[in-house]
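Heavy atoms only: backbone and side chains are in, while hydrogens, waters and symmetry mates are out. Quick caveat, the model's predicted, so the values are computed rather than measured.
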Amino acid sequence: PFDEDFVKQHPLDVEQRQDWTRLLPEESYAHADDGSGERPPRGWTTSFPHAIGTLGDAERHSPLWTASPLVDEYLGRLVEQSIDVLGLGRRDTTDFLAMSFSSLDSVGHAFGPRSHEVQDALARIDRTLGRILARLDESIGRGNYIVALSADHGVSPIPEQMPEQGLSAGRIASADVRDTINRTLGQRLGPGEYVSSVAYTDVYLAPGVNGKV
């Protein structure tokens with residue numbers, strides 16, 4: 001299969017040897033690189049560059065590679081090759097090609113929307129899409145294909161940075177949520193542990209509590 005051939009031609013252990021550096025000159029990025037409240041993956045700091053791995057250490061560093069926009073660039077090159085190898089748009093049928101560039105999600109959660117990392121991820125996705133569209137123009141011809149774009153979700157400013165923008169914001173600890181619910185239910189049901197766990201935005205009550213409230 002062509003995808004296996006592509007991986008052989010572009011080995012992952014070599015790809016993951018690269019570090020994530022800025023695509024554009026540093027002065028092209030707005031705001032501070034080292035933003036307050038950023039929470040990068042383990043092994044990275046809040047500032048560029050971001051080390052990913054060394055040759056022969058792919059298994060250990062793969063999560064960092066997939067958390068960077070370099071993985072989307074790799075996918076983009078695979079897509080470019082698939083257009084040629086599969087003859088997309090040049091057969092007597094309708095071809096459908098779907099791509100998902102997902103690294104911006106993890107980058108946004110880790111570094112926030114004002115970060116140099118998010119700006120760099122967007123610049124790289126823009127370049128990757130440009131290359132794919134150029135390949136389609138060359139292979140099929142402009143006007144002979146349809147492009148549809150969709151998006152996942154945005155990301156709110158990091159709470160620690162929002163006061164700097166004149167906004168009222170902060171973080172609520174899961175332990176405080178648990179204590180508040182236990183205390184509130186305790187006023188009706190008596191002292192006790194009524195919360196089984198708090199996971200992100202979800203609260204799980206202990207068995208039998210629903211029937212009491």
Side-chain angles (χ1 to χ4, degrees), residues 6 9-58 60-81 83 99-138 142 147-171:
F6 178 86
Q9 296 166 11
H10 306 85
L12 292 179
D13 56 354
V14 176
E15 293 291 327
Q16 294 172 24
R17 186 183 183 184
Q18 305 174 64
D19 290 340
W20 178 16
T21 59
R22 292 182 184 85
L23 175 66
L24 307 174
E26 183 175 353
E27 59 270 18
S28 301
Y29 299 77
H31 313 299
D33 183 21
D34 184 15
S36 59
E38 295 181 357
R39 298 184 176 182
R42 180 176 298 179
W44 284 354
T45 67
T46 56
S47 301
F48 275 109
H50 299 301
I52 291 179
T54 57
L55 188 64
D57 205 12
R60 173 184 173 189
H61 292 281
S62 177
L64 294 180
W65 185 63
T66 55
S68 79
L70 302 185
V71 70
D72 286 340
E73 294 183 333
Y74 187 82
L75 173 61
R77 300 202 304 274
L78 173 61
V79 168
E80 288 184 67
Q81 182 166 313
I83 293 171
M99 299 164 283
S100 176
F101 297 108
S102 304
S103 66
L104 182 60
D105 181 89
S106 58
V107 173
H109 281 293
F111 295 97
R114 294 163 62 91
S115 65
H116 285 199
E117 285 79 7
V118 158
Q119 296 171 65
D120 193 74
L122 288 170
R124 290 176 179 274
I125 291 173
D126 182 72
R127 183 179 67 170
T128 295
L129 289 175
R131 288 176 174 173
I132 293 172
L133 294 175
R135 180 61 61 88
L136 289 171
D137 287 347
E138 178 183 350
R142 184 172 298 185
V147 176
L149 298 175
S150 65
D152 187 8
H153 58 77
V155 57
S156 67
I158 293 178
E160 287 83 355
Q161 297 179 16
M162 294 175 75
E164 303 168 4
Q165 305 169 47
L167 302 173
S168 176
R171 293 187 185 271

Rounded to the nearest 0.5 Å, how far apart are [atom1] of [X] and [atom2] of [Y]?
X      : Y     : atom1 : atom2 : answer
Thr21  : Ile52 : OG1   : CD1   : 9.0 Å
Leu133 : Glu80 : CG    : CD    : 10.0 Å
Glu26  : Asp33 : CD    : CG    : 6.5 Å
Phe48  : Asp34 : CZ    : CG    : 12.5 Å

For [X], I'd like to know if atom [atom1] has over 12 heavy atoms of other residues, nucleotides or ligands within 6.0 Å.
X      : atom1 : result
Gln9   : CD    : yes
Arg42  : CZ    : no
Glu138 : CD    : no

For residues [X] and [Y], report the shortest heavy-atom separation together with the two atoms involved.
X      : Y      : value
Leu75  : Ser100 : CD2-O, 3.3 Å
Phe101 : Gly76  : CE2-N, 4.1 Å
Ser68  : Trp20  : CB-CE3, 3.8 Å
Leu23  : Tyr29  : N-OH, 3.3 Å
Val107 : Pro69  : CG2-CD, 4.5 Å
Gln119 : Ser115 : NE2-O, 3.1 Å

Review point. Taking atom types as modelled, is there a side-chain donor on Ser47 or Thr45 under 3.5 Å from an acceptor on the other?
Key: no
Point to revise | Flag for His50-Glu117: side-chain donor and acceptor within less than 3.5 Å | key: yes
Review point. Please walk me through it: do Arg22 and Asp120 pass salt bridge (Lys or Arg N to Asp or Glu O under 4.0 Å)?
Key: CA-CA 6 Å; Arg22 292 182 184 85; Asp120 193 74; over 6 Å; no
Exercise for review: Could you give me the CA-CA distance, side-chain angles and deciding distance for His109 and Asp105, then say whether side-chain contact (heavy atoms from CB on, under 4.5 Å) is met?
Suggested key: CA-CA 6 Å; His109 281 293; Asp105 181 89; 3.4 Å; yes
Are [X] and [Y] side-chain neighbours, meaning at least one heavy-atom pair lies under 4.5 Å?
X      : Y      : value
Glu160 : Glu38  : no
Ile158 : Arg171 : yes
Val118 : Leu104 : yes

**Study point:** Sequence neighbours excluded, every pair satisfying salt bridge (charged side-chain N to carboxylate O under 4.0 Å, His left out) that has a member inside residues 63-75
**Key:** Glu73-Arg124, Glu73-Arg127
Review point. Is the His10 ring parallel, tilted or perpendicular to the Tyr74 ring (thresholds 30°, 60°)?
Key: perpendicular
Check your understanding: Would you find a donor on one side and an acceptor on the other, under 3.5 Å apart, between the side chain of Gln18 and the backbone of Glu15?
Key -> yes
Check your understanding: If only atom types and distance count, is the side chain of Gln161 paired as donor or acceptor with the main-chain N or O of Ser36 below 3.5 Å?
Key -> yes
Review point. Is a salt bridge present between Glu164 and Arg114, judged by a nitrogen-to-oxygen distance below 4.0 Å?
Key: no
